[in-house]
Amino acid sequence: MKWKNDLCLFRYALSMGHDIDALTTAKLIEDIFGLEIIEINDFSRIWRKKGYENDSREFIYCDQAVLSGKGFCNHLTMREGQKTFNRELYNINNYMGVHRANYKHKYAGSTLLLTWTEYQSFIQFPKDFEALQVILAIDAAHKGYYNPDFHHTYVNYLKVLGIDEIFLPVLENSKSQDFYDIIRDYRLNSIITYDPLFDEVITKSEETGLQSEGIDIKGLQKYFPFDISLPQGEFVAIHQVGKKFLNCWEGQHLNKQDNEYIRIYTSSRWGIVNFLI
C-alpha cells in the first residue's frame with residue numbers, strides 16, 4: 001500500500017467515524033501529513049465541512065470499514081469462504097484471512113494502535129506508563145490480553161506489529177480493571193457528532209445525549225504527543241445513514257449505485273451494515 005506514505009494534502013482529505021478511536025487516528029494522520037478532517041460519519045448522518053461539499057479529493061477513511069477506498073480499520077468484515085476484500089483498506093484482519101467463523105484469530109487492538117504502529121518513524125509512542133495505558137484503553141484494545149481465549153493470539157499480533165516490547169510490560173503490570181477505570185474516568189465510550197444548533201462538533205453520551213458526559217478530550221490531551229482536539233468549523237449533513245442487522249456479510253449487495261459511500265461496521269458474529277438512504 002504505497003498510498004500510506006504518500007498522503008498529499010492536495011490529493012487526500014480525512015473522513016472519521018464517531019468515537020475516540022476514529023478521532024485519535026484521524027488527528028495522528030493530520031499531524032503527520034497535514035490532511036484536513038472534512039467529514040464525520042456518526043452512523044446516523046454523514047457530515048461534510050461547509051464549503052467542502054463538492055471537494056474532489058480522495059478520502060482516507062479513519063476507523064470505517066468501507067467497501068472501496070483507502071483507510072485504516074480494525075473491524076471484522078469478512079465472511080467464511082470470502083476471497084475478495086477491499087485491498088486499499090489497511091485492515092490486518094482482512095490480510096490475515098480472519099472472518100466470523102474463526103473469530104478467535106482476530107486482531108483485537110484498536111485502529112489507533114494499528115495506525116500509530118505504521119507511523120512510529122514520524123511520531124514515537126510515549127514512554128510514560130499511564131499514557132500507554134490510555135492508548136490501550138481506547139476501543140478496549142487491552143481486552144484480548146486478559147481473555148484466555150484471545151491471549152495467545154493477542155500477544156502474537158503485538159509481536160507481528162513489532163510493538164510487544166512497548167506494550168507487553170504495561171499489560172503485565174496492569175489489571176484489566178485499570179483500563180476500565182480509564183474508560184470510565186475519561187468517558188471513552190461516548191460519541192462524537194455535529195450539533196447543528198450550536199454549529200460545532202461535539203462529544204456526548206450516546207445513552208443520555210449529555211455533552212457533560214462526553215469524552216474528556218482536554219483531560220486526555222496530556223497523554224498524546226499530538227493534538228487530539230475536535231474538528232473545528234461548520235458542517236452540513238450530506239447523507240443520512242441507514243442501519244441493517246445481518247446474520248452474514250451482505251455489504252456488497254447494498255446500494256451499488258453509490259458504492260463510494262457505503263460504510264460497513266461489523267461486530268462479533270453479527271454484521272451491522274450501514275448504508276446511505
Side-chain angles (χ1 to χ4, degrees), residues 14-31 37-49 59-66 71-77 89-93 106-117 131 133-144 179-195 200-221 223-224 226-232 235 237 239 241 243 263-268 270-274:
L14 295 171
S15 172
M16 58 171 273
H18 73 334
D19 61 14
I20 189 63
D21 195 16
L23 175 67
T24 49
T25 299
K27 297 295 284 189
L28 172 69
I29 297 170
E30 178 186 73
D31 189 272
I37 301 171
I38 66 169
E39 186 176 272
I40 300 170
N41 177 8
D42 67 8
F43 299 99
S44 176
R45 292 178 176 85
I46 304 291
W47 298 95
R48 184 74 58 79
K49 196 167 187 177
F59 277 111
I60 302 299
Y61 296 100
C62 298
D63 201 32
Q64 300 175 73
V66 291
F72 298 88
C73 168
N74 66 335
H75 302 146
L76 199 63
T77 66
L89 183 67
Y90 187 52
N91 182 336
I92 196 169
N93 285 315
K106 71 171 291 204
Y107 162 74
S110 63
T111 299
L112 172 65
L113 193 61
L114 185 66
T115 309
W116 200 340
T117 297
Q133 283 185 313
V134 167
I135 292 168
L136 287 169
I138 289 176
D139 206 28
H142 68 284
K143 191 175 179 180
F179 298 98
Y180 288 113
D181 290 344
I182 292 170
I183 292 170
R184 179 200 64 214
D185 293 345
Y186 291 98
R187 303 184 290 278
L188 299 187
N189 287 331
S190 293
I191 64 169
I192 297 165
T193 185
Y194 183 74
D195 187 336
E200 63 180 359
V201 178
I202 64 167
T203 175
K204 65 180 182 179
S205 166
E206 190 168 20
E207 288 75 28
T208 67
L210 295 175
Q211 291 189 48
S212 60
E213 297 177 0
I215 304 163
D216 182 8
I217 292 173
K218 289 184 178 179
L220 289 170
Q221 182 61 72
Y223 297 115
F224 288 84
F226 55 90
D227 174 62
I228 62 166
S229 61
L230 293 171
Q232 301 297 304
F235 286 68
H239 287 289
V241 181
K243 182 178 291 187
R263 306 290 199 270
I264 303 299
Y265 179 86
T266 58
S267 176
S268 188
W270 288 80
I272 305 174
V273 178
N274 294 278

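Between F179 and H142, the angle of the ring planes stays under 30°, which puts this pair in the parallel group of the 30/60° scheme.
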Trace of the side-chain contact (heavy atoms from CB on, under 4.5 Å) decision for L14 with I38: CA-CA 6 Å; L14 295 171; I38 66 169; over 6 Å; no
Pair I191-D42, side-chain contact (heavy atoms from CB on, under 4.5 Å): steps then yes or no: CA-CA 8 Å; I191 64 169; D42 67 8; 6.0 Å; no
Residue pair L220, I215: steps toward the side-chain contact (heavy atoms from CB on, under 4.5 Å) verdict: CA-CA 9 Å; L220 289 170; I215 304 163; 3.8 Å; yes
Derivation and outcome, side-chain contact (heavy atoms from CB on, under 4.5 Å), residues D63 and H75: CA-CA 8 Å; D63 201 32; H75 302 146; 3.5 Å; yes
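The shortest side-chain heavy-atom distance between L23 and P231 falls under the 4.5 Å cut-off. Inter-residue side-chain proximity for T193 and I40 is flagged as unmet; no heavy-atom pair is nearer than 4.5 Å. Under the 4.5 Å side-chain criterion, counting only non-hydrogen atoms from C-beta, N74 is in contact with Y107. Looking at I192 and I202, their side chains never come closer than 4.5 Å, going by heavy atoms from C-beta outward.
Ion pair R187/E213 not flagged as a salt bridge, since none of the NZ, NE, NH1 or NH2 atoms sits closer than 4.0 Å to an Asp/Glu carboxylate oxygen.
Ring centers of W47 and F235: at least 6.0 Å apart, outside the cut-off. The ring of F226 has its center closer than 6.0 angstrom to the ring center of W116.
Applying the ring-ring contact (aromatic ring centres under 6.0 Å, His included) rule to H18 yields the partners F43; only residues at least two apart in sequence or on another chain are considered.
Judged purely by distance below 3.5 Å, without hydrogens or angles, the side chains of Q64 and N41 pair a donor atom with an acceptor atom. Defined by atom type and a distance below 3.5 Å, a donor-acceptor pair is missing between the side-chain atoms of S110 and D139.
Across K204 and S190, no two heavy atoms sit closer than the pair O-CB, 3.2 Å.
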